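What you see is a predicted model; the values in this text were computed from it and never measured.
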Amino acid sequence: QLRLVESGGGLAQPGGSLTLSCDDSTFTLGYYTIGWFRRAPGKEREGVSCISREDGSTFYTDSVKGRFSISRDNAKSIVHLQMNNLKPEDTANYYCAAERFTTPQAMCSGDPAFATWGQGIKVDVSS
């Protein structure tokens, strides 16, 4: 059964960078569309970035375009979210999710009801 584990979160200064990783010990991540979501205190969950299973197509929410980059290595069953030029408003708990038979835009824009979720990891952007 798919089991997602996030890593790489922590504290960063505004303008700094962090790289989040999502991996799966069963090495089956390659069968899924993968998404990064976040929930800031007092706010709704937001789809940040999603990537397709095979062709590498991606989706980014407007607030992170040009700053965040999602990538995947199916052979290693891992997905990365490179976050540059971090802003205080990026502070949130970030969650990795995997879902089959969906597109990056559909997954990130909607409610991935059939997704498998990781436990989440905290990102804190402050000076």
Side-chain angles (χ1 to χ4, degrees):
Q1 186 173 349
L2 195 64
R3 183 177 179 183
L4 305 178
V5 178
E6 301 97 338
S7 62
L11 178 65
Q13 292 188 338
S17 298
L18 286 172
T19 302
L20 302 183
S21 297
C22 173
D23 63 31
D24 159 53
S25 58
T26 68
F27 286 90
T28 58
L29 219 55
Y31 294 103
Y32 297 83
T33 299
I34 304 297
W36 284 97
F37 294 76
R38 66 186 179 188
R39 188 190 299 272
K43 293 190 176 181
E44 297 284 323
R45 186 182 67 198
E46 175 186 32
V48 176
S49 182
C50 294
I51 187 167
S52 66
R53 183 170 66 93
E54 288 185 333
D55 67 7
S57 59
T58 58
F59 172 90
Y60 296 93
T61 193
D62 286 346
S63 63
V64 307
K65 285 180 180 177
R67 301 189 297 121
F68 289 13
S69 178
I70 191 170
S71 62
R72 68 187 300 161
D73 184 336
N74 286 342
K76 296 181 180 179
S77 201
I78 193 165
V79 174
H80 300 291
L81 183 68
Q82 175 68 41
M83 305 186 295
N84 298 324
N85 191 20
L86 284 162
K87 302 177 180 181
E89 51 264 41
D90 295 318
T91 295
N93 286 319
Y94 284 71
Y95 300 87
C96 175
E99 190 172 42
R100 298 190 72 178
F101 311 121
T102 187
T103 66
Q105 181 169 355
M107 186 179 185
C108 263
S109 301
D111 178 15
F114 301 103
T116 297
W117 294 87
Q119 292 297 306
I121 194 163
K122 185 172 178 60
V123 171
D124 188 356
V125 184
S126 65
S127 53

Review item, side-chain donor-acceptor pairs of residues 119-127, under 3.5 Å, at least two apart:
none

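- Applying the side chain to side chain donor-acceptor pair (under 3.5 Å) rule to Y94 yields the partners R38; only residues at least two apart in sequence or on another chain are considered.
- The distance from atom CD of E44 to atom CZ of R39, rounded to the nearest 0.5 Å, is 7.0 Å.
- By the side-chain contact (heavy atoms from CB on, under 4.5 Å) test, S25 pairs with no residue at all, sequence neighbours left out.
- Considering CE of M83 and OG of S69, their distance stands at 12.0 Å, rounded to 0.5 Å.
- F114 contributes atom CZ, which lies 11.0 Å from atom OG1 of T102 (distance to the nearest 0.5 angstrom).
- Between H80 and D73, every side-chain heavy-atom pair lies at or beyond the 4.5 Å cut-off.
- The two atoms that bring K76 and F27 nearest to each other are O-CE2, 3.7 Å, heavy atoms only.
- Closest approach of R72 to R53, counting heavy atoms only: NH1-CA, 3.4 Å.
- The shortest non-hydrogen separation linking T28 to T26 is OG1-OG1, 2.8 Å.
- Here L11 contributes atom CG and L18 contributes atom CG; the two are 8.0 Å apart, rounded to the nearest 0.5 Å.
- Both I70 and Y31 sit in one connected hydrophobic cluster of ILVMFWY residues. Membership requires side-chain heavy atoms under 4.5 Å apart, directly or through other members.
- From N93, atom CG reaches atom CD of E6 across 9.5 Å, with rounding to the nearest 0.5 Å.
- The number of heavy-atom neighbours closer than 6.0 Å to CD of Q105, taken from other residues, nucleotides and ligands shown, is 12 or below.
- Residues S52 and P104 come closest through the heavy atom pair N-CG, 3.4 Å.
- When all heavy atoms are compared, the tightest approach of L4 to C96 is CD1-O, 3.7 Å.
- Salt bridge D62/K65: present, at least one basic N to carboxylate O contact under 4.0 Å.
- D23 and S77 form no side-chain donor-acceptor contact under 3.5 Å, judged by distance and modelled atom types alone.
- Residue pairs meeting the ring pair (Phe, Tyr, Trp, His ring centres under 6.0 Å) criterion with at least one member in residues 4-26: none, sequence neighbours excluded.
- When every heavy atom of M107 is checked against every heavy atom of G35, the shortest pair comes out as CE-N, 3.8 Å.
- The neighbour count for R3 CZ, taken as heavy atoms of other residues, nucleotides or ligands under 6.0 Å away, does not exceed 12.
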Criterion side-chain hydrogen bond (donor to acceptor under 3.5 Å, both in side chains) on E99 and T33, from CA distance to verdict = CA-CA 5 Å; E99 190 172 42; T33 299; over 6 Å; no
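- Applying the ring pair (Phe, Tyr, Trp, His ring centres under 6.0 Å) test to every pair with at least one member in residues 44-63, sequence neighbours left out, gives no pairs at all.
- Residues Y95 and Y32 do not share a hydrophobic cluster, clusters being chains of Ile/Leu/Val/Met/Phe/Trp/Tyr side chains in contact below 4.5 Å.
- Side chains of S49 and Q82 form no contact here, defined as non-hydrogen atoms less than 4.5 Å apart.
- Interatomic distance, I34 CD1 to T116 OG1, rounded to the nearest 0.5 Å: 9.0 Å.
- When the ring-ring contact (aromatic ring centres under 6.0 Å, His included) test is applied to F37, the partners found at least two apart in sequence or on another chain are W117.
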